[in-house]
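Note sheet for the following structure.
Values below: all heavy atoms of this structure, side chains included; hydrogens, waters and symmetry mates excluded. The first residue in the sequence is number 1, and the count goes up from there.
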Amino acid sequence: MTGLVDNIMDLARARLGGGIFLDLNEADLTETLQVVVDEIRSAHPHRDIRLELKFSQPAVVDRARIAQLFSNLVSNAVSHGVAEQPVEISGHQSEQGIEISVLNGGTPIPANDIQRLFLPFKRGDGSRGGHGLGLGLYIALEIATAHGGTIDVSSDETGTRFTLKMPTRR
């Protein structure tokens, strides 16, 4: 319930023009993302969630917001992916910035649905699960944007991949 209220508050702040507030500090992304994956694994012990991270140094980010963004992407993959296929997460850091990718198997998302995924209260026509308000991806994108980043989506027969790209430092 707290998560839903927080999402609605984030929506209100973003819509009123204030955007998502960031508290930027150096953070160990490996530790932050590992905690999120551990929490999701404990909630979904039947799911195979694979994590491969290669971050060479701390990043200047809002640790709590990056955890929220990442949790939204991974939870989305667990909810909408095929249970028999793993959720594969990779992350690395280079001079160009940080890239984190979340891949799940399943039916490809139609192109017209991909364009609507990041709209609040919208979901693809093939949405499974029926829970939530349809705010997770919207808020994830707002957090990425506040960090100077983007989230790209690709979806085909091999799977659906959400990729966060953002600069290493702001």
Side-chain angles (χ1 to χ4, degrees), residues 1 3-22 33 36-37 39-41 43-44 46-53 61-62 65-92 94 96-167:
M1 188 58 122
L4 289 174
V5 171
D6 289 344
N7 282 342
I8 291 171
M9 293 301 294
D10 286 341
L11 170 70
R13 280 188 286 272
R15 286 281 176 103
L16 292 173
I20 298 284
F21 172 76
L22 297 180
L33 303 183
V36 171
V37 168
E39 289 174 359
I40 294 172
R41 281 180 178 148
H44 302 277
H46 61 284
R47 291 304 304 267
D48 182 7
I49 302 173
R50 301 175 185 177
L51 182 64
E52 183 179 332
L53 302 174
V61 297
D62 183 320
R65 291 296 192 174
I66 289 297
Q68 181 183 12
L69 180 159
F70 187 63
S71 177
N72 287 348
L73 293 181
V74 177
S75 295
N76 189 66
V78 168
S79 295
H80 300 288
V82 174
E84 297 77 30
Q85 294 182 19
V87 172
E88 298 178 17
I89 303 159
S90 62
H92 68 274
S94 69
Q96 290 74 39
I98 295 163
E99 186 170 309
I100 302 168
S101 175
V102 179
L103 172 70
N104 64 273
T107 305
I109 301 171
N112 59 332
D113 283 351
I114 286 178
Q115 297 171 7
R116 299 181 319 168
L117 287 176
F118 294 100
L119 297 175
F121 306 114
K122 301 288 183 192
R123 308 167 110 192
D125 293 333
S127 178
R128 290 190 300 267
H131 60 283
L133 297 175
L135 291 176
L137 293 177
Y138 171 77
I139 291 168
L141 181 59
E142 289 291 319
I143 293 168
T145 301
H147 280 89
T150 61
I151 299 177
D152 300 317
V153 184
S154 63
S155 187
D156 59 27
E157 308 77 40
T158 62
T160 297
R161 181 182 306 272
F162 286 82
T163 303
L164 166 68
K165 295 178 184 176
M166 62 184 208

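For the atom pair CZ of Arg41 and NE2 of His46, the computed distance is 13.5 Å after rounding to the nearest 0.5 Å. Atoms CD1 and CD, on Ile143 and Gln68 in that order, are 4.0 Å from each other to the nearest 0.5 Å. The structure places CZ of Arg116 at 12.5 Å from CG of Leu137, a figure rounded to the nearest 0.5 Å. One finds the CZ atom of Phe21 at 9.0 Å from the CZ atom of Arg65 (value rounded to the nearest 0.5 Å). To the nearest 0.5 Å, the span separating CD1 on Ile151 from OG1 on Thr145 amounts to 7.5 Å. Considering CG of Leu51 and CG of Leu33, their distance stands at 7.0 Å, rounded to 0.5 Å.
Shown here for His147 and Asp62, the closest heavy-atom pair between the two residues is NE2-N, 3.0 Å. Val87 and Ala77 get closest at one heavy-atom pair: CG1-CB, 3.9 Å. Closest non-hydrogen pair, Ala140 versus Asn72, comes out as N-ND2, 4.1 Å.
A search for side chain to side chain donor-acceptor pair (under 3.5 Å) contacts involving Asp48 returns Arg50, not counting sequence neighbours. Every residue was checked against the side chain to side chain donor-acceptor pair (under 3.5 Å) condition with Ser75, not counting sequence neighbours, and none meets it. By the side-chain contact (heavy atoms from CB on, under 4.5 Å) test, His92 is found to be paired with Lys54, Glu99, residues two or more places apart in sequence or in another chain being considered. The side chain to side chain donor-acceptor pair (under 3.5 Å) check on Gln96 picks up Ser94, with sequence neighbours excluded. Residues satisfying the salt bridge (Lys or Arg N to Asp or Glu O under 4.0 Å) test with Glu84, not counting sequence neighbours, are none.
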Side chains of residues 158-166: which donor-acceptor pairs under 3.5 Å do they make with residues two or more places apart or in other chains?
unit_1: Thr158; atom_1: OG1; unit_2: Asp156; atom_2: OD1; d: 2.4
unit_1: Thr160; atom_1: OG1; unit_2: Ser155; atom_2: OG; d: 2.7
unit_1: Arg161; atom_1: NH1; unit_2: Ser101; atom_2: OG; d: 2.7

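When the options Ile40, Asn104, Val102, Leu73 are evaluated for a side-chain contact (heavy atoms from CB on, under 4.5 Å) with Val78, the one that passes is Ile40.
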